[in-house]
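Have a look at the structure below before the remarks.
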Amino acid sequence: MPSLLSSYHLGELTLPNRIVMAPMSRVRAAAGGLATDSMATYYAQRATAGLIVTEGVQPSRVGQSNPGTPGLHTDEQTGSWRQVTDAVHANGGRIFAQIMHGGRVSHHETTGLQPVGPSAVPGEGSVFTPSGPQPMPVPRALKTDEVPEHALSYAHAARRAVDAGFDGVELHGANGYLISQFLSSNANLRDDRYGGSIANRIRFAVEAAAATVEAVGAARTGIRLSPGGGIWGVTENDAAELNTALLTELTRLDLAYVHLAATTDEEVLLQLRKTWPGTLIVSPTMPGGPQQTGPAEADHWLGLGADLIAFGRSFLANPDLVERLRSNLPLAPSDENTFYQGGDAGYITYPTYQHTS
């Protein structure tokens, strides 16, 4: 079994360890979706990770899910990210931007636009807006001839990401956002080439990935999935068959990696490991769950065939997570009250481990 601290070759990158900083929404962007100097500090503090994957970055105005999230669809946004990538690289790190189109998980108070989705089916739960949590509105169902432009939006954002100095991108195909909505058996009620059969429901994900590969290269393109996750009311009644079919198609694209959240039975995830021949990142704990991933969960999945392990809350609260794992030091807990409140507290203020004499 590989060690969590052993090096790994990912495309053209050599990762010094197999520890990935998972994408986590932190809603600290400035007005206009701009990256800030505090964001540069936050990611640079964690540059000892083998790979950093950023918070979700919207590829278009209508693709924005929450207020305070950063974008990659204007020149000003693209330029603002350079301070982040420069800071991470100056500290010896590697960083991918996660491209996230919210689809129906959005609100007109946030974007000024009616959210879009594969069908006119609202998500479950409340979404953040500038005036507080609101029920998710009914999205506008995309017309067949509109769907390709939304698949292409991932590729356009990926080009901007590379221009901004990112080492690559991760398409957010998980957690109930737009790609996940197309994969779904209850958010996608279409009867055209993007709905109905499994072959049709995976089409949007494959087209988005193929366009991104064409834009920036396969070695710079990964995708995150949450098989059977049920997040924001998205259901996959056929998670094993659906995701096996999707990974079979994605294999033809030779992506840099597939990133699986442990949102379904271990048996299904092991089947997907056998289906996907390339690099596999596993996030061992449920998105949004209370548990922090530690060395036991990491070793478990390395033993089951994962190549890299993504740490979320553990990396949020421990900027020196790699050193703590190397030296078997205790992990600090994260403070949920500061996750989305804005400002630097609970963002760039978590201390490194203090040795006592």
Side-chain angles (χ1 to χ4, degrees), residues 4-5 15 17-29 35-57 65-70 81 84-85 87-88 91-98 100 128 166 170 172 174-175 177 224 226 231 259-263 281-298 301 308-354:
L4 194 57
L5 297 167
L15 313 186
N17 56 66
R18 295 167 185 254
I19 300 166
V20 175
M21 179 176 169
M24 292 172 284
S25 296
R26 302 309 311 274
V27 295
R28 258 73 171 188
T36 67
D37 56 355
S38 288
M39 290 167 65
T41 299
Y42 170 72
Y43 287 114
Q45 285 176 337
R46 292 154 177 83
T48 50
L51 178 68
I52 291 172
V53 184
T54 71
E55 63 213 278
V57 181
S65 182
N66 298 313
T69 56
W81 279 108
V84 176
T85 58
V88 170
N91 279 9
R94 295 135 301 277
I95 184 168
F96 274 37
Q98 188 192 64
M100 172 184 149
F128 292 108
F166 283 99
E170 175 181 284
H172 198 346
N175 297 14
Y177 298 109
R224 179 177 163 103
S226 54
I231 301 166
H259 182 178
L260 295 180
T263 47
I281 303 174
V282 170
S283 288
T285 49
M286 278 284 287
Q291 186 180 356
Q292 290 191 180
T293 298
E297 293 82 12
W301 278 104
L308 305 169
I309 304 296
F311 292 76
R313 291 166 180 250
S314 299
F315 233 135
L316 183 156
N318 299 273
D320 57 341
L321 177 65
V322 174
E323 180 56 33
R324 292 191 191 221
L325 293 172
R326 177 179 288 116
S327 302
N328 198 27
L329 298 171
L331 302 185
S334 55
D335 179 4
E336 291 190 27
N337 294 324
T338 63
F339 281 4
Y340 311 120
Q341 72 172 16
D344 288 345
Y347 189 54
I348 59 175
T349 57
Y350 282 105
T352 56
Y353 188 79
Q354 303 300 310

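Nothing here was measured: the structure is a model prediction, and the numbers come from that model. Just so you know, these numbers use all the heavy atoms, side chains as well, and skip hydrogens, waters and symmetry mates.
Taking every heavy atom of both residues into account, R26 and T338 meet most closely at NH2-O, 3.7 Å. In plain terms, the two heavy atoms of Y42 and M21 that are nearest each other are OH-CE, 3.3 Å. P351 and P319 make their closest contact through O-CD, 3.9 Å (heavy atoms, listed as atom of the first residue, atom of the second, distance). Counting all heavy atoms, side chain and backbone alike, L4 lies closest to A298 at CD2-CB, 3.9 Å. Nearest approach of E297 to P284, heavy atoms of both residues: CB-CB, 3.9 Å. Counting all heavy atoms, side chain and backbone alike, L308 lies closest to N17 at CD2-O, 4.5 Å.
Between the side chain of R46 and the backbone N or O of L316, at least one donor-acceptor pair lies under 3.5 Å. A donor-acceptor pair under 3.5 Å is absent between the side-chain atoms of N91 and the main chain of G93, judged by distance alone. For R28 (side chain) and G343 (main-chain N/O), a donor-acceptor pair under 3.5 Å exists by modelled atom type. Using modelled atom types, one side-chain atom of T54 and one backbone atom of Q98 make a donor-acceptor pair closer than 3.5 Å. Under a 3.5 Å cut-off, the side chain of R324 and the backbone N or O of N318 do not form any donor-acceptor pair. Of the possible polar contacts, none joining the D344 side chain to the S38 backbone as a donor-acceptor pair under 3.5 Å is found. Remark: the backbone N or O of L321 is not paired with any side-chain donor or acceptor of E323 at under 3.5 angstrom. Remark: the backbone N or O of F311 is not paired with any side-chain donor or acceptor of R313 at under 3.5 angstrom.
In this structure the side chain of F339 never reaches within 4.5 angstrom of the side chain of S25, judged on heavy atoms. When side chains are defined from C-beta on, Y347 counts as touching M39, because their heavy atoms get closer than 4.5 Å. Two residues are said to be in side-chain contact when any heavy atoms from C-beta on lie closer than 4.5 Å; L5 and I19 meet this criterion. Proximity of P23 to H259: side-chain heavy atoms (C-beta onward) are separated by under 4.5 Å at one or more points.
No side-chain donor from either of T293 and S314 sits under 3.5 Å from a side-chain acceptor of the other. Residues S334 and Q292 bring a donor and an acceptor atom of their side chains to less than 3.5 Å of each other.
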Review point. Given the rule in the side-chain contact (heavy atoms from CB on, under 4.5 Å) test, do I348 and Q45 qualify, once you have shown the distances and angles that lead to the verdict?
Key: CA-CA 8 Å; I348 59 175; Q45 285 176 337; 3.8 Å; yes

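Between the OG1 atom of T85 and the CD1 atom of I95 there is a distance of 7.5 Å, given to the nearest 0.5 Å. Taking CZ of R326 as the start and OG1 of T48 as the end, the distance is 8.0 Å to the nearest 0.5 Å. In this structure, CG in N66 is found 6.5 Å from CZ in F128, a value given to the nearest 0.5 Å.
More than 12 heavy atoms of other shown residues, nucleotides or ligands fall within 6.0 angstrom of atom OH in Y350.
Ring-plane geometry between W81 and Y43 is classed as tilted, the angle between the planes lying from 30 to 60 degrees on a 0 to 90 degree scale.
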